[in-house]
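Comments concern the structure below.
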Protein chains: 2
Amino acid sequence: MTTIYDVARQAQVSAATVSRVLNGRATVDPVLVERVQEAVRSLGYRRNAVARNLRRSRTMLWGLIISDIGNPFFTALARGVEDVAQAEGYSVALCNSDENPAKESQYIGVVLDEQMAGVIISPSGRGRDVRLLIEANTPVVAIDRELRAATVDSVLVDNEHGAELATSHLIESGYRRIACITGPKQLSTATQRLRGYKRALAAAGLPMDESLVRYSDYREAGAFEAMESLLDSETARPDAVFAANNLTTVGAMDCLVSRGVKVPVEVGFVGFDDIPWAHLVRPSLTTVAQPTYELGQTAARLLVERIKEPSRPPARVVLRTVLHERDSSRRP
Amino acid sequence: MTTIYDVARQAQVSAATVSRVLNGRATVDPVLVERVQEAVRSLGYRRNAVARNLRRSRTMLWGLIISDIGNPFFTALARGVEDVAQAEGYSVALCNSDENPAKESQYIGVVLDEQMAGVIISPSGRGRDVRLLIEANTPVVAIDRELRAATVDSVLVDNEHGAELATSHLIESGYRRIACITGPKQLSTATQRLRGYKRALAAAGLPMDESLVRYSDYREAGAFEAMESLLDSETARPDAVFAANNLTTVGAMDCLVSRGVKVPVEVGFVGFDDIPWAHLVRPSLTTVAQPTYELGQTAARLLVERIKEPSRPPARVVLRTVLHERDSSRRP
DNA sequence: TTGAAAGCGCTAACAA
DNA sequence: TTGTTAGCGCTTTCAA
């Protein structure tokens with residue numbers, strides 16, 4: 001391996017000078033700069049970032065801990081994070097916690113051990129291990145989900161408002177017995193979206209029937225079962241469904257299709273969060289779209305700021321959602 | 001920051017002993033082991049991986065350079081890589097090259113600078129920069145796409161056979177003027193899938209009409225245009241389409257739908273690589289499915305082996321594809 | 001403007 | 001079995 005000393009010898013300067021040139025310090029004689037650059041080229045030298053990081057006690061690596069890499073919501077978000085990171089000179093280590101608090105803890109450990117410059121996390125549980133990060137002064141940004149265990153920079157969407165929008169839209173379309181399949185109780189998005197749903201019902205003067213609510217797991221199989229149990233319920237079945245995330249939409253729609261239930265004639269449907277290629281699905285899906293890419297971008301920008309200025313007060317950014325009306329909610 | 005010396009002082013042993021305990025060396029008195037562990041707990045000590053990596057001149061980080069994080073094919077693959085990596089104690093830095101050779105080069109630079117333990121790459125161009133990795137003795141595994149510039153471990157699918165399967169299936173279904181929308185010429189998958197398509201035509205004694213072939217960019221917008229140009233062609237238009245990747249399928253189907261072309265009645269359709277929720281799309285899509293997760297797993301396992309045994313001869317693993325017959329290719 | 005020298009936190013060779 | 005010591009490759013005082 002070629003080191004900075006090899007370059008120094010070749011250029012007939014000291015290692016300190018090579019370091020200065022490499023880091024673009026202005027205080028070096030142009031003649032020496034040229035000599036150093038020539039030596040770097042001829043030796044094919046690359047600086048060892050590990051040694052550099054140790055010496056400077058900081059790295060240019062971020063951790064991005066997401067809860068499901070199979071969910072296009074998170075990959076769109078990751079793209080937003082990555083683009084900003086790259087522009088700022090950071091690299092991103094993507095960690096998939098799989099909604100598993102144990103895996104999440106493990107990754108938090110890696111972030112700590114590797115002295116990463118910061119973390120963007122979509123907490124899958126109560127997020128108690130996030131405290132370790134904060135104690136270690138690692139900059140943290142929460143994304144998509146609220147972090148109860150600590151106050152940190154957060155980027156969220158207006159879940160309650162979006163859910164209310166979706167539900168009101170179903171009501172305006174003429175549906176009356178509207179079911180809600182939401183996510184796990186410990187996730188802020190699940191409870192907020194449920195609240196928005198309830199608020200829309202209340203605003204329209206419709207009764208709140210708890211038997212129309214299901215807490216699922218934000219995954220396809222769970223949503224499929226939840227939909228089945230709604231269709232099979234003793235009391236009259238729902239005439240519409242509000243699904244609280246994209247995979248819930250897929251699972252529930254799958255169930256409806258396989259049962260031969262006609263959407264939107266027999267059952268109306270609105271989902272929270274778009275799915276890719278929603279336009280190819282029949283019937284096309286009415287959804288509340290989230291600005292996924294912007295979510296990632298914003299989180300990344302907050303992290304950049306936080307790293308620069310660790311003591312600034314935590315920011316809380318809430319982005320808007322938009323209702324996309326398509327066929328699944330058009331009552332004939 | 002608490003260091004190994006703080007622990008040593010607290011446990012009244014030397015730093016070397018702490019290091020031995022931390023690394024599970026057997027040669028330490030159980031009494032001291034207990035004292036060290038107690039000190040670690042009480043101080044909340046975590047070892048600094050940067051210092052460790054420098055000293056050992058190796059890291060536990062892999063680079064995974066993929067060409068489109070927005071493509072579910074690559075995220076499924078990433079998941080396979082990540083699961084194996086985690087089990088083996090490695091972390092994965094996900095790098096999205098966006099089919100952009102310049103970005104790819106930049107990431108290869110990061111891999112080199114950070115002294116990563118290895119790389120799994122789906123090369124987006126000619127992959128000439130991969131040579132830098134090889135010169136630096138960084139273990140490399142090529143995935144999905146062949147690497148012409150060097151001989152390395154590779155994990156591929158039987159593109160030619162899969163494409164032949166898809167095309168033959170269309171022929172058997174009664175279609176005769178079958179078009180092919182493939183990818184960029186410099187990608188091995190694009191040329192191999194085109195070759196399989198041609199072989200199927202030849203095997204069936206059908207003429208090879210070059211005006212039915214389009215080289216697109218493996219993206220939706222490009223595929224949409226390619227499909228348009230096929231529909232608008234002077235000579236008789238195709239009665240079926242073979243789309244060479246998943247986003248090509250989406251773009252081409254989108255075009256057909258928006259033009260009001262009836263699938264599979266007027267035009268039959270088969271795509272290479274599944275898309276998620278293909279079952280919700282109408283008509284449901286016939287596809288040649290790739291074992292995406294296994295692709296990632298296999299690449300990761302090869303990387304583990306390569307790291308252990310750098311001089312073993314490069315392996316080349318080819319995984320099978322499977323035809324999923326659905327509605328888009330059923331001629332009434 | 002340049003160089004000498006110290007040291008980031010850890011592991012491993014060597015000595016005891 | 002344990003401790004002493006050197007050094008991984010770099011940046012950054014400090015002195016010249």
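It should be emphasised that the depicted structure is a prediction, and the values quoted were computed from it without experimental measurement. First the proteins, then the strands, lettered A, B, ... as listed; each starts at 1.
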Regarding D98(A) and R219(A), does a basic nitrogen lie under 4.0 Å from an acidic carboxylate oxygen? yes
Assert: residue with more 5' nearest nucleotide on DNA chain C, out of A49(B) and P30(A), is P30(A)
Integer-rounded Å distance: dG3(D) P and I4(B) CD1: 12 Å
With sequence neighbours excluded, tell me which residues meet salt bridge (charged side-chain N to carboxylate O under 4.0 Å, His left out) with D29(A). none
May I ask you to check whether over 12 heavy atoms, not counting those of R312(B), lie within 6.0 Å of atom CZ? yes
Has Y45(A) got a side-chain N or O lying under 4.0 Å from the OP1 or OP2 atom of dC10(D)? yes
Please tell me if N23(A) has a side-chain N or O lying less than 4.0 Å from either OP1 or OP2 of dT11(D). yes
Would you mind reading off the distance between L112(A) atom CG and dG9(C) atom C1', rounded to a whole angstrom? 16 Å
Given atom CE of M1(B) and atom C1' of dG7(C), what is their separation to the nearest angstrom? 15 Å
Are R35(B) and E38(B) ion-paired here, with the side-chain N under 4.0 Å from a carboxylate O? no
With a non-hydrogen cut-off below 4.0 angstrom, is V28(B) in contact with a base, only sugar-phosphate, or nothing? sugar-phosphate
Value in whole Å for how far the P atom of dC10(D) lies from CD of E114(B): 13 Å
Are any of R52(A)'s side-chain N or O atoms less than 4.0 Å away from OP1 or OP2 of dT11(D)? yes
From the candidates dG9(C), dG3(C), dG9(D), the one with an atom nearest any side-chain atom of A51(B) is dG9(C)
Rounded off to whole Å, could you give me the CG-to-C1' distance for the D6(B) and dG9(C) pair? 11 Å
Here the distance between atom P of dC10(C) and atom OH of Y5(B), to the nearest Å, is 9 Å
Would you mind classifying the nucleic acid contact of S19(A) as base, sugar-phosphate or nothing, using non-hydrogen atoms under 4.0 angstrom? base
Below 4.0 angstrom from OP1 or OP2 of dG3(C), is there any side-chain N or O of T17(A)? yes
Has the side chain of R20(A) got a donor or acceptor that lies under 3.5 Å from a partner of the other kind on the base of dG3(C)? yes
Could you tell me whether the side chain of Y218(A) and the main chain of A190(A) form a donor-acceptor pair under 3.5 Å? yes
Quick one: label V13(B) by what it contacts on the DNA or RNA (base, sugar-phosphate, nothing), any heavy atom closer than 4.0 Å. sugar-phosphate
Assuming nearest nucleotide by heavy-atom distance, tell me which of A16(B) and R56(B) is located more 5' along DNA chain D. A16(B)
Taking 4.0 angstrom as the limit, do R301(B) and D153(B) come out as a salt bridge? no
Round to a whole Å and report the spacing from CZ of R55(B) to P of dA13(C). 8 Å
Using only side-chain N and O atoms of R25(A), determine if any of them is under 4.0 Å from OP1 or OP2 of dT12(D). yes
At under 4.0 Å between heavy atoms, what does N53(A) touch on the DNA or RNA strands: base, sugar-phosphate, or nothing? nothing
Just how far, in rounded Å, is C1' of dA4(C) from CZ of R9(A)? 16 Å
Any R47(B) side-chain nitrogen or oxygen under 4.0 Å from OP1 or OP2 of dT11(C): yes
